[in-house]
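Below is one structure; the comments refer to it alone.
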Amino acid sequence: MKITVVSAGLGVPSSSRMLADQLSHAVSEELTARGKSVAVSTVEVRDYAVDIANNLVTGFAPPSLASMLREITEADALVVVTPVFSGSYSGLLKSLFDVIDNTALRGMPVILGATGGSARHSLMLDHAMRPLFSYLRARVVPTAVYASPQDWGAGDDDEPVLNERVRRAARELAEMTGTYSTPRSPEEPLASLPFEDLLANITKPAGQRTQAPEHSSNR
Amino acid sequence: MEIGVFTVSDITRNPLTGEIPTENQRIKAAVAIAKKAEEIGMDVYATGEHHNPPFYASSPTTILGYIAAQTERITLSTSTTLITTNDPVKIAEDFATLQHLADGRVDLILGRGNTGPVYPWFGKNQQDSVELTIENYHLLRQLWDNDVVNWEGKFRTPLRNFTSTPRPLDGVAPFVWHGAIRTPQIAEIAAYFGDGFFANNIFWPKEHYQQLIGLYRERYAHYGHGAADQAIVGLGGQFFMAKKSQDAVNEFRPFFDNAPVYGHGPSMEDFMAQTPLTVGSPQEVIEKTLSFQEFFGDYQRQLFLIDHAGLPLKTVLNQLDLFGELVLPELRAEFAKRRPAHVPDRPVHTTRKASPVPAPA
């Protein structure tokens, strides 16, 4: 299985990358334990900042960004981790998902993670970041993992330690890919119905139209 | 092979002087550019169609009719005519009239348009874009190919016993190209009717257009109009040149960096590497243009965008003089040498009149 990890931290090293690595390590272990062979590739969004901006301006991805986007759309599952900026996820991360076709992540299993300066931003994951992936019709695991500075030490008293949350999210992802993973075909071939069908469909009621052959069976 | 220019009709500030040309200046410049294109030996002048500032070309047949009167040889075309929001009856009438005035030197490239609000401005819904294209073009064909039309559809009031006048010149409708950048249905329409397919080939990498052209060629053969490599393909391109490559780069950079579509984005060097843009010497323009043939196969029409991004008229005319002197003869000779005998030449009125293409069964 191909797992792509997207880390939107800006510092080097960044705490988002630390969390991303922890999550991908746990995911690998959970999948390996279930008899799957796992290949992980990690993307630092920072390295593509200018390419992403250029893609927004011109409408196409320069070659290096195009190959990074394929890493994301052709993965079997994603781990996406962002720092919290101004009450939400990173704007650069949003721009990255803005230049990906909005149907390319349908059915994609995803773990969401975030890091921030205090635990007070943790619900950003569920109130801001989860809706983005709902829009993209990805399948987000129930546990989203937030790490505040405390989590890199003893953690807070009333919370399971970071490792346990990471492990729970990884287990959920492994179960999701194991039980009801559907084949995904991100690149649908370019095709059209024959002209006669295109013309006839215009005046037919919606339910009676000739349909193009279905390539993607996720929904 | 026909070689010409096409314009978007943008009115853009000159980044060097800060001057913005008036609508009047740009409209008169269109005429000057078309006449210059004919003078240097080009074959086509095509104008876009837009219905909002900063563009001037809302009335293409008016512009082309005036140019027709001032030229003798060049083909007048569009880039593109909006098949979605124009009434197909008016397209049939306007372009048949232009055909008579220009003695057949007329064809058109149909497109869906790229400006969302044009749909509501003309009482249409953008969601219907592809269906409007299919139904409107199907009607347009009948209006030109049949003397009497009885028609009923979804988007337009029915026609009973309607004759579109004037009838096409010599009974041969203007040749039609279909332009698309991402919609496979457009390639299908072009293939079904045995029409041409035009890929604007300007703003995106060539790989992007290859799939659509491939689909068009495949379906063209499927419908029995000829082999895949006999389908009628047109491409856009853009260049800026000077005798010395570095002069072209220095002169064009401020225009590139501030261009409305791709400015303030990638470097000119990256954009040249990734798209069909050439900024350089005449030899570099020749080599890049010939690479299109190597990539897309033999094709029939090459149009260049040369007057956008605030380039002053004087510069555009100089570009054309250089092109006529140092590029056009070489391109013509090389394209002619490369084109196998079974690949058709460009479709023009005189040859189409002699051997009309049968309508699809």
Side-chain angles (χ1 to χ4, degrees), chain A residues 47-70 73-74 91-92 94-96 98-104 185-216, chain B residues 114 128 130-139 141 152-155 178 180-195 202-216 218-219 222-223 259-267 270-271 273-275 277 360-361:
Chain A
D47 297 345
Y48 300 88
V50 173
D51 280 351
I52 290 168
N54 284 342
N55 188 349
L56 287 170
V57 172
T58 62
F60 68 87
S64 65
L65 175 61
S67 84
M68 183 269 257
L69 297 181
R70 279 195 298 276
T73 57
E74 292 172 5
L92 183 59
K94 175 64 161 62
S95 294
L96 166 62
D98 285 348
V99 301
I100 293 178
D101 185 289
N102 65 5
T103 62
S185 58
E187 297 254 340
E188 292 183 7
L190 203 67
S192 165
L193 284 174
F195 180 80
E196 305 278 4
D197 290 337
L198 291 174
L199 186 66
N201 272 351
I202 292 173
T203 48
K204 279 185 194 168
Q208 294 168 27
R209 296 182 166 197
T210 310
Q211 300 289 318
E214 193 68 47
H215 296 290
S216 178
Chain B
N114 61 0
D128 298 328
V130 172
E131 290 196 344
L132 281 163
T133 303
I134 294 160
E135 180 171 294
N136 286 349
Y137 184 59
H138 189 237
L139 172 56
R141 275 268 56 102
E152 196 171 332
K154 179 174 173 184
F155 298 109
H178 300 264
I181 53 176
R182 63 169 73 88
T183 312
Q185 289 87 345
I186 305 303
E188 170 68 20
I189 297 168
Y192 178 80
F193 288 97
D195 295 337
I202 291 280
F203 300 123
W204 288 345
K206 59 188 187 312
E207 290 75 12
H208 176 87
Y209 301 99
Q210 189 178 36
Q211 276 190 301
L212 271 178
I213 291 175
L215 176 67
Y216 161 68
E218 179 195 317
R219 298 296 290 170
H222 169 84
Y223 285 114
V261 178
Y262 41 71
H264 310 286
S267 71
D270 281 351
F271 202 75
Q274 292 160 18
T275 77
L277 171 69

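Bear in mind the structure is a predicted one, so any value in this text is a computation, not a measurement.
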* **Under 4.5 Å from a heavy atom of chain A, the part of B/T183 involved** => neither

* Asked: Contact part of B/I186 toward chain A, heavy-atom cut-off under 4.5 Å: side chain, backbone, both or neither?
  -> neither

* Which atoms of B/I189 come close to chain A, meaning under 4.5 Å heavy atom to heavy atom: side chain ones, backbone ones, both, or neither? -> both

* **Between CZ on residue A/F195 and CZ on residue B/R219, distance to nearest 0.5 Å** => 12.0 Å

* What option among A/V50, A/L56, A/L199, A/N55 has the most heavy-atom pairs under 4.5 Å with chain B? -> A/L199

* NE2/B/H138 to CD/A/E196 distance, rounded to the nearest 0.5 angstrom? -> 7.0 Å

* To do: Sort B/H208 into side chain, backbone, both or neither according to what part of it lies under 4.5 angstrom from a heavy atom of chain A.
  => neither

* **Heavy-atom closest contact (A/N201 atom, B/E131 atom, distance)** => O-OE2, 4.5 Å

* **Point-to-point distance, once rounded to the nearest 0.5 Å, from CG of A/N54 to NE2 of B/H264** => 12.5 Å

* Structure fact -> Of the listed B/A273, B/P205, B/A187, the one with the largest count of heavy-atom pairs under 4.5 Å with chain A is B/P205

* **Pairwise distance OG1(A/T203) to CD(B/E152) - rounded to 0.5 angstrom** => 9.5 Å

* Asked: How far does CD1 of A/I202 sit from OG1 of B/T133, to the nearest 0.5 angstrom?
  -> 9.0 Å

* Structure fact -> When A/L198, A/L193, A/D197 are each screened for side chain to side chain contact (heavy atoms under 4.5 Å, CB included) with B/E188, the one that passes is A/L198

* Asked: Is there a side-chain contact between A/T58 and B/P266 (heavy atoms, below 4.5 Å)?
  -> yes

* Any side-chain heavy atom of A/S192 sitting closer than 4.5 Å to one from B/Y216? -> no

